[in-house]
Amino acid sequence: AQSVSQHNHHVILSEAASLELGCNYSYGGTVNLFWYVQYPGQHLQLLLKYFSGDPLVKGIKGFEAEFIKSKFSFNLRKPSVQWSDTAEYFCAVNVGGGGNKLTFGTGTQLKVEL
Amino acid sequence: GAVVSQHPSWVICKSGTSVKIECRSLDFQATTMFWYRQFPKQSLMLMATSNEGSKATYEQGVEKDKFLINHASLTLSTLTVTSAHPEDSSFYICSAYGQGGWNSPLHFGNGTRLTVT
């Protein structure tokens, strides 16, 4: 079964700092990759997803992620974070080809300080 | 606005009682819904896939007789925690794909915090 690892459990940044959250998965076949965000008191929302094509995908709110197949990674990045980016971020994967089930990482709590 | 509504948002019950959690898709029909469980500081774990008009598919290790799932309509799935015990205390979240099917975003409910005393 596939698994997802997020190495950073808690990240604290100052506004305007750059962000990179790590995500690695274990599965040798075709995968679909996702990043979800959960703002305080809100439900999970999709930030971006990768199915195929350009490995650099852009999502909402200035986020992007790069799929590096050789490293089994899908790191999330943002050049300049804002206080409003404070949230919990989850990486998720499902097996390509029709699988509906998502496997989530343990999440990264990001706190952006003014 | 929310496209998946989950109710209640929190519930406290006594050990041995049963609790029902509802998950509704708003403005779209969901033939498949997913139930997740999240323990503190842990990831979301898929419990089961709820299929409209048929039996739910449970993940390995999830007791189907304890976590009863009913998906009687295209917009409603319910999860009933039967004979709840303190170890069932957790955060339960439902989700459903939008109208585009599994290629569309997965919409999540706000979750239900269950506390069993």
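Computed over heavy atoms, backbone and side chain alike; hydrogens, waters and symmetry mates excluded. Note that the structure is a prediction, hence the values are computed from the model and not measured. The chains referred to below are lettered A, B, ... by the order of the sequence lines, with proteins before strands, and numbering in each begins at 1.
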**Residues B:Leu106, A:Tyr36; criterion side chain to side chain contact (heavy atoms under 4.5 Å, CB included); working and verdict** = CA-CA 10 Å; B:Leu106 187 62; A:Tyr36 283 86; 3.2 Å; yes

Please determine whether residues [X] and [Y] belong to a single hydrophobic cluster, defined as Ile, Leu, Val, Met, Phe, Trp and Tyr linked transitively by side-chain heavy-atom distances below 4.5 Å.
X	Y	value
B:Tyr58	B:Tyr92	yes
B:Val11	B:Trp35	yes
A:Tyr25	A:Leu48	yes
A:Leu33	A:Tyr27	yes
A:Leu13	A:Tyr89	yes

Looking at [atom1] of [X] and [atom2] of [Y], how far apart are the two atoms once the value is rounded to the nearest 0.5 Å?
X	Y	atom1	atom2	value
B:Tyr36	A:Leu102	OH	CG	4.5 Å
B:Leu44	A:Gln38	CG	CD	7.5 Å
A:Leu44	B:Ile93	CG	CD1	5.5 Å
A:His43	B:Gln6	NE2	CD	11.5 Å

**Request:** Please say whether more than 12 non-hydrogen atoms of neighbouring residues, nucleotides or ligands are located less than 6.0 Å from NE2 in A:His7.
**Result:** yes

**Message:** With a 6.0 Å cut-off (strictly less than), is the heavy-atom count around NZ of B:Lys66, excluding the residue itself, greater than 12?
**Reply:** yes

**Prompt:** Which bit of A:Gln42 is near chain B, if near means a heavy-atom gap under 4.5 Å: side chain, backbone, both or neither?
**Reply:** backbone

**Item:** Toward chain B, the part of A:Leu46 with a non-hydrogen atom under 4.5 Å
**Value:** side chain

**Message:** Between B:Ser43 (side chain only) and A:Phe104 (backbone N and O only), is there a donor and an acceptor less than 3.5 Å apart?
**Reply:** yes

**Message:** When you compare the side chain of A:Thr103 with that of B:Leu46, does any pair of heavy atoms fall below 4.5 Å?
**Reply:** no

